[in-house]
Q: 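Here it is: the structure, laid out below.
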Protein chains: 2
Amino acid sequence: MDTVATLRAFNRTWGRRSGVLDESFLGTGRAYGSARLLFEIEKPVTVRDLRTRLGLDSGYVSRLLRGLQREGLVDVSPDPEDRRRRVVSLTAAGRRARGDLDDRSEGLARGLLAELSPRLADELGQVLGRADLLMRAATVTFEVVDPAGPDARTAVGAYLDELDRRFPSGFDAHEADHDADAMGGATGRFLVARSDGDVVACGGVQTLADGVGEIKRMWVHPDWRGAGLARRMLGRLEQEVAGLGHRVVRLDTNDTLVEALSLYRSAGYREIERYNDNPYARHWFEKRLTGSRAR
Amino acid sequence: MDTVATLRAFNRTWGRRSGVLDESFLGTGRAYGSARLLFEIEKPVTVRDLRTRLGLDSGYVSRLLRGLQREGLVDVSPDPEDRRRRVVSLTAAGRRARGDLDDRSEGLARGLLAELSPRLADELGQVLGRADLLMRAATVTFEVVDPAGPDARTAVGAYLDELDRRFPSGFDAHEADHDADAMGGATGRFLVARSDGDVVACGGVQTLADGVGEIKRMWVHPDWRGAGLARRMLGRLEQEVAGLGHRVVRLDTNDTLVEALSLYRSAGYREIERYNDNPYARHWFEKRLTGSRAR
DNA sequence: TCCATTCTCTGACTTTAGTCAGAGACCTTG
DNA sequence: CAAGGTCTCTGACTAAAGTCAGAGAATGGA
């Protein structure tokens, strides 16, 4: 059976069986919509966030919240930082209701697994865990953002922390702010990959010289590695470099980042002479961009 | 992360992403309900079957069918065998509409996979295929049926065919009818495991002597092997033996069926002397039933 | 042949899940 | 401080997805 057919078959199986897992909502007399909302309010969150995370109409969310409020499950109050926004948080009763849904959902999952031997249940966990990562990775969205904005700063922060941990002599991040400028404006770009609103990977492009771009700050969240995100990010960044009018991409890296080295090599980069004075770099790569569309 | 948590996490991921796969229905201006119905009518089927397969109210199905009929997608006519029942079948236009949905759904699956490298897409197919089997196996239902009924006959037929193929000297099935009697009535039982209406495994129990039951005709559909069904069927059959008031189960088997041999050994059966004159048997097993509940 | 049961259908109803067009409060920028 | 934009809410609406209570035909068994 080919992969497309497998995916579709699984979709049908899961759809038919999902009652086994989802009926939690019906069991509690709570409609799917408001239960979904309840699950999404872990900690205080703005109405807008809820809306975008669940992809719902503002009127609809407002109405659902009104319902939960009437039941005494949530508090809605203006956000002190911007009083147009409103912040929703669970009350004690709300936490209890959420816990009930949780328990019920957990019970259903447990019941399903109980039908399998421990070995097979464990195997199901393994394959679903892997499928989960791959599905999430396949549905990531790439987005150009301001390198000085909060998403970029958080991602780059995580990247720099990791360098500091992994480089034998640590990493001194004092130059990070200067970089942000170079990756914004007309001669640079900064990309993030987002899944359910979370930033899971990032990467930047800046101009070295006319016709020559450089890729920097490429990073994938540790939980998201092994799902092809780095290669896709690299391809997107190359597209951005081409979009800036360059024909050549360069980048540098350190020996410690072994997965990066093999990625660059397999993506068609060839090693060149030192082209900058980055004290942490040990390898310098270059790739000539062709018209072909990168993955 | 424990298995239950993985299952729940996957359920959420899939739920959120399933739009990527299911929106096929919205794309065609066809409501989810009637599209589902259209998919279920592969070959002519009774209204009742549709209802039970999809778990819907009779009035609702009737109304949906009326809609499809108005669009000229299905024919509904009385079942000649029982004119209370009505049989639904696709018209040429119905097959075309179904094909459209199929294509669209396939396109969406393809689009999702296109985001992954071929290697990872293939891996996703592998893990989802395995998850599919395990999920279906976990949600199988066991049912006592008449050993002379159509489900039992079909399953036993497949079993005997397999013996005929696998035994070096073939298998002569002339005694099958006699057996059916012994597994019905007050001194025997016949079980099938069913998934979405299909019989995927079977097994029977008969009485050898007071206090001694025998398990026979245990079979799992080839596509469903490796998912623990045989072990579960064995456990259920042992429960039936106990339910008939016996304390001891016996069974026989042939060397060719290696997976059966190791199943019996690992399930606590010990080999005993020949207790019957079955010319195909090479091994005879016995297990003393305890009060403990078998899986 | 009668009676209980089965099967499908219809009409009347409800709930859920949304969409859409403003209104009003608030924020940012020139 | 005016203008334009953002954020949430309300009211009015719609479509989909069912549910429920029979009615009417057909069947199976006593």
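Numbers restart at 1 for each chain; the letters A, B, ... are given by sequence-line order, proteins then strands. These values consider heavy atoms only, across backbone and side chains, with no hydrogens, waters or symmetry-generated copies.
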Q: Rounded to whole Å, please give me the gap between CG in L65(A) and C1' in dT10(D).
A: 14 Å

Q: Could you tell me how far apart L56(A) (CG) and dC20(C) (C1') are, to the nearest whole angstrom?
A: 15 Å

Q: Look at the side chain of S58(B) and the base of dC9(C), then say whether one donor and one acceptor between them are separated by less than 3.5 Å.
A: yes

Q: Taking OP1 and OP2 of dA25(D), is either one under 4.0 Å from a side-chain nitrogen or oxygen of R84(B)?
A: no

Q: Does the base of dT8(C) carry an N or O that pairs as donor and acceptor with the side chain of R86(B) under 3.5 Å?
A: no

Q: Among residues at least two apart in sequence or on other chains, which ones pass salt bridge (Lys or Arg N to Asp or Glu O under 4.0 Å) with R12(A)?
A: E40(B)

Q: For the pair made of CD in Q69(B) and C1' in dC9(C), what is the distance, rounded to whole Å?
A: 12 Å

Q: Among the candidates dC26(C), dT10(C), dC9(D), find the nucleotide nearest to the side-chain atoms of V76(A).
A: dC9(D)

Q: Under 3.5 Å, is there a donor on one side chain and an acceptor on the other for R86(B) and T46(B)?
A: no

Q: Would you say E42(B) has more than 12 foreign heavy atoms packed within less than 6.0 Å of its CD?
A: no

Q: Over how many whole Å does the gap from L50(B) atom CG to dA17(D) atom P extend?
A: 16 Å

Q: Just to be sure I understand the rule, does L64(B) reach a base, reach only the sugar-phosphate, or reach nothing, if contact means heavy atoms closer than 4.0 Å?
A: nothing

Q: Send over the distance from R51(B) CZ to dT19(D) P, rounded to a whole Å.
A: 12 Å

Q: Select from V47(A) and D79(B) the residue whose nearest nucleotide in DNA chain D is closer to the 5' end of that strand.
A: V47(A)

Q: Separation of R48(B) atom CZ from dC9(C) atom P, in whole Å?
A: 13 Å

Q: Can you tell me if the side-chain N/O atoms of R36(B) get under 4.0 Å from OP1 or OP2 in dG18(D)?
A: yes

Q: Have D75(A) and T91(A) got a donor and an acceptor in their side chains that come within less than 3.5 Å?
A: no

Q: So what does D82(B) hit on the nucleic acid, given a heavy-atom distance under 4.0 Å: a base, only sugar-phosphate, or nothing?
A: sugar-phosphate

Q: Check the pair D132(B) / W14(A) against side chain to side chain donor-acceptor pair (under 3.5 Å), numbers first and verdict last.
A: CA-CA 8 Å; D132(B) 193 19; W14(A) 192 265; over 6 Å; no

Q: If you compare every side-chain N and O of R85(A) against the phosphate oxygens of dT6(D) (OP1, OP2), does one of them come in below 4.0 Å?
A: no

Q: Can you tell me how far P of dT10(D) sits from OH of Y60(A), to the nearest Å?
A: 16 Å

Q: Name the closest nucleotide to the Y32(A) side chain, picking from dG18(D), dA17(C), dC7(D).
A: dA17(C)

Q: Can you measure R63(A) atom CZ to dT14(D) atom C1' for me and round it to whole angstrom units?
A: 13 Å

Q: So, does R66(B) get its side chain near the phosphate of dT10(C), meaning an N or O under 4.0 Å from OP1 or OP2?
A: yes

